[in-house]
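Everything on this sheet refers to the single structure shown next.
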Amino acid sequence: MSTGKTKSLKERLREVKTSRWIRFGVVSVLFFLWVIWMGNPWLAIFWLLLIDIYLTAYIPWTWWKNTSGPTRKIMGWVDAIIYALVLVYFIFAFIGQNYKIPSSSLEKSLLVGDYLWVNKTIYGPRVPQTPLHFPLAQHTLPLINTKSYLTNPQLDYHRLPGIRAIQRGDIVVFNYPQGDTVALKIQNPDYYQIAYELKKNGVENPRLYMEQNKQMFGDIVWRPVDRRENYVKRAIALPGERLMIRNDSIFINGKHIPDPDNVQYNYIIPVSAPIPLEKWQEIGVRADDHGGAPIDDSYTGFAFYDVPLTAEMKKVVEAWPEVSGPLRKESESGLYDISGMFPLGNSYGWTRPDMGEIWMPQKGSTLHLTLDNLPVYERAIRVYEGNDLEVKDGKIFINGKQTDYYTFKMDYYWMMGDNRDRSADSRYWGFVPEDHIVGSPMFIIASFDEERSLFDGKIRWNRILRDANPDKNEGKW
């Protein structure tokens with residue numbers, strides 16, 4: 001009889017059980033569908049590996065099954081964990097993944113504590129640009145607090161065919177565009193906003209200053225595109241469109257775009273007495289938003305709350321007996337500074353409720369560059385599309401050549417939160433490049449109110465399996 005090492009191919013195949021042939025057939029079909037989807041026939045060579053794993057076993061993949069004692073038990077667990085991680089890697093990379101809403105920027109469409117299933121197939125999944133990463137962590141491994149990925153190799157951006165393109169009103173998950181450079185101890189405001197403020201305050205070299213003050217800022221690290229922080233906002237302007245914001249109203253190509261029902265604005269609410277916490281809770285205002293007690297401001301001479309409200313919530317609040325006067329939008333009150341808008345350091349005079357007009361870069365479209373519009377597009381040209389850009393003697397040089405034109409390689413989008421006055425969005429950091437797009441939430445897996453106890457409504461049962469974007473899917477965009 002032949003030994004395991006000297007068995008012929010026919011003998012090896014003859015010994016394979018029918019159930020294993022079936023498993024091999026199913027895996028092979030899925031594998032070749034994936035190869036076709038990837039559009040890279042060279043990947044088919046890895047089918048030989050599947051043949052050996054499932055059928056021929058020239059490589060002793062299951063050597064540990066012939067052992068006994070602790071080795072067999074430990075390797076059994078290792079084998080199961082590796083299979084699970086490989087499966088999770090492919091699902092998270094090409095199908096979808098879970099995502100938790102960490103902030104109130106999209107309330108009341110999505111709430112803090114919502115856990116979403118994000119569909120990556122809708123716009124086409126990206127082939128991982130950082131292929132060597134742990135699939136259950138975005139950029140940092142919990143507990144040990146180290147990077148969850150290897151920086152090299154880095155693959156070129158490539159997106160597989162999807163179901164459709166991004167549409168206005170879509171809620172989109174994407175990698176934070178300004179998340180390439182991160183001060184680990186202070187991530188909000190981001191590195192660029194910190195550097196801008198330091199520069200304004202007379203620090204000549206902000207990067208060096210931060211590196212010399214690690215106790216305050218932590219290490220300064222670089223992150224590849226697909227390992228940057230995940231953000232979720234609503235798509236407002238699409239490639240090739242012109243956007244303008246006037247008094248909080250959005251205009252696309254000169255046409256006014258009405259707000260959806262769930263849009264919130266912050267209102268200054270003058271009061272004669274504190275509003276009970278139960279009232280805020282009844283209408284869905286989080287403690288972080290109402291602060292628990294009114295602001296007693298010596299400048300204005302009256303007490304007030306500064307709270308985000310939808311149109312419906314505003315009507316309810318106006319009828320409360322504690323309210324002592326008309327509600328005013330925060331942006332119209334003059335009480336708060338709303339500077340620091342995109343692009344940082346610009347001289348356009350833009351503010352949160354008044355910006356533009358801004359053209360959205362479109363793949364294949366050529367823009368006439370001037371010293372006046374360059375600040376708007378400089379980061380896209382230099383950072384997102386990887387060009388060397390500089391200005392010398394009043395002239396623009398791209399990759400060493402003087403030019404007044406640039407043709408964009410990617411599409412770009414303008415993303416904003418529904419909680420308009422409490423959303424760090426494109427008004428602060430600009431365009432979202434197409435290579436940063438992750439996917440779109442399909443439904444809410446689970447929802448937990450972090451301000452309530454388990455027996456006091458912590459689990460939001462009415463949100464489980466709910467559509468993650470009802471405004472868009474009900475035709476309100």
Side-chain angles (χ1 to χ4, degrees), residues 1-35 38 43-100 115 117-118 120 125 127-155 184 219 221 223-224 226-227 230 445-446 448 454:
M1 180 179 289
S2 301
T3 65
K5 289 185 179 179
T6 59
K7 286 180 183 177
S8 68
L9 177 60
K10 285 185 178 180
E11 287 176 313
R12 290 172 183 269
L13 295 177
R14 194 181 302 122
E15 292 176 0
V16 177
K17 295 179 180 179
T18 302
S19 61
R20 198 157 182 85
W21 276 104
I22 293 172
R23 288 165 60 190
F24 172 70
V26 171
V27 171
S28 294
V29 170
L30 293 175
F31 173 77
F32 281 110
L33 288 174
W34 177 72
V35 171
M38 291 285 286
L43 292 171
I45 197 171
F46 288 103
W47 188 55
L48 299 175
L49 194 62
L50 292 178
I51 292 174
D52 194 60
I53 291 172
Y54 282 92
L55 304 178
T56 57
Y58 284 105
I59 299 172
W61 303 97
T62 57
W63 61 267
W64 51 272
K65 289 184 178 180
N66 297 320
T67 64
S68 59
T71 300
R72 183 182 176 92
K73 290 183 178 179
I74 291 170
M75 289 307 300
W77 279 103
V78 170
D79 183 70
I81 290 170
I82 290 174
Y83 266 99
L85 287 177
V86 170
L87 180 62
V88 168
Y89 179 95
F90 275 90
I91 291 174
F92 279 16
F94 298 101
I95 306 299
Q97 70 182 85
N98 62 306
Y99 175 81
K100 180 188 175 184
Y115 286 78
W117 179 255
V118 176
K120 293 188 175 182
V127 174
Q129 292 156 271
T130 311
L132 301 180
H133 67 269
F134 188 76
L136 299 176
Q138 177 61 15
H139 48 65
T140 305
L141 286 172
L143 301 179
I144 58 177
N145 203 34
T146 59
K147 284 195 312 183
S148 63
Y149 59 92
L150 296 180
T151 304
N152 292 310
Q154 282 290 305
L155 305 182
L184 289 179
D219 290 329
V221 301
R223 286 176 180 159
D226 56 344
R227 297 297 98 199
N230 284 326
I445 303 170
F448 300 95
L454 184 60

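Between the NZ atom in Lys100 and the CZ atom in Phe448 there is a gap of 9.5 Å [rounded to 0.5 Å]. Here Arg14 contributes atom CZ and Lys7 contributes atom NZ; the two are 10.5 Å apart, rounded to the nearest 0.5 Å. Distance check, rounded to the nearest 0.5 Å: CZ of Phe94 to CH2 of Trp34 gives 5.5 Å. Taken from CG in Asn152 to CG in Leu132, the straight-line distance is 9.5 Å, to the nearest 0.5 Å. With values rounded to the nearest 0.5 angstrom, Leu33 atom CG is found 11.0 Å from Phe31 atom CZ. A distance of 8.0 Å separates CZ of Arg12 from CG of Asp52, quoted to the nearest 0.5 Å.
In terms of the salt bridge (Lys or Arg N to Asp or Glu O under 4.0 Å) criterion, Lys73 has no residue partners (sequence neighbours excluded).
Within the 4.5 Å cutoff, the side chain of Gln154 has heavy atoms near those of the Pro224 side chain. Proximity of His139 to Thr130: side-chain heavy atoms (C-beta onward) are nowhere separated by under 4.5 Å. Counting only heavy atoms from C-beta outward, the side chains of Tyr58 and Leu9 approach each other to under 4.5 Å. Looking at Pro128 and Leu155, their side chains never come closer than 4.5 Å, going by heavy atoms from C-beta outward. Looking only at side-chain heavy atoms (C-beta outward), Phe92 and Asn98 come within less than 4.5 Å of each other.
Shown here is Trp47, whose CH2 atom has no more than 12 heavy atoms of other residues, nucleotides or ligands within 6.0 Å. Under a cut-off of 6.0 angstrom, the local environment of CD1 in Ile81 is crowded, with over 12 non-hydrogen atoms contributed by other residues, nucleotides or ligands. For Phe46, the CZ atom sits in a loose shell: 12 or fewer heavy atoms of surrounding residues, nucleotides or ligands are nearer than 6.0 Å.
A donor-acceptor pair under 3.5 Å is formed between the side chain of Gln138 and the backbone N or O of Asp226.
Across Leu141 and Phe134, no two heavy atoms sit closer than the pair CD2-CD2, 3.8 Å. The two residues Arg72 and Thr67 have their closest heavy-atom pair at CD-O, 3.5 Å. Closest heavy-atom contact between Ala137 and Ser148: O-OG, 3.5 Å. Nearest heavy atoms, Leu55 versus Val16: O-CG2, 3.5 Å. Arg223 and Leu184 get closest at one heavy-atom pair: NH2-CD2, 3.6 Å. Contact detail for Tyr99 and Val118: the closest heavy-atom pair is CB-CG2, 3.7 Å.
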Before you tell me yes or no, could you show the steps for Lys147 and Arg227 under side-chain contact (heavy atoms from CB on, under 4.5 Å), namely the whole-Å CA-CA distance, both residues' side-chain angles and the distance that decides it to 0.1 Å? CA-CA 10 Å; Lys147 284 195 312 183; Arg227 297 297 98 199; over 6 Å; no
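Below 30°, between 30° and 60°, or above 60°: for Phe24 and Tyr54 the angle between ring planes is between 30° and 60°, a tilted geometry.
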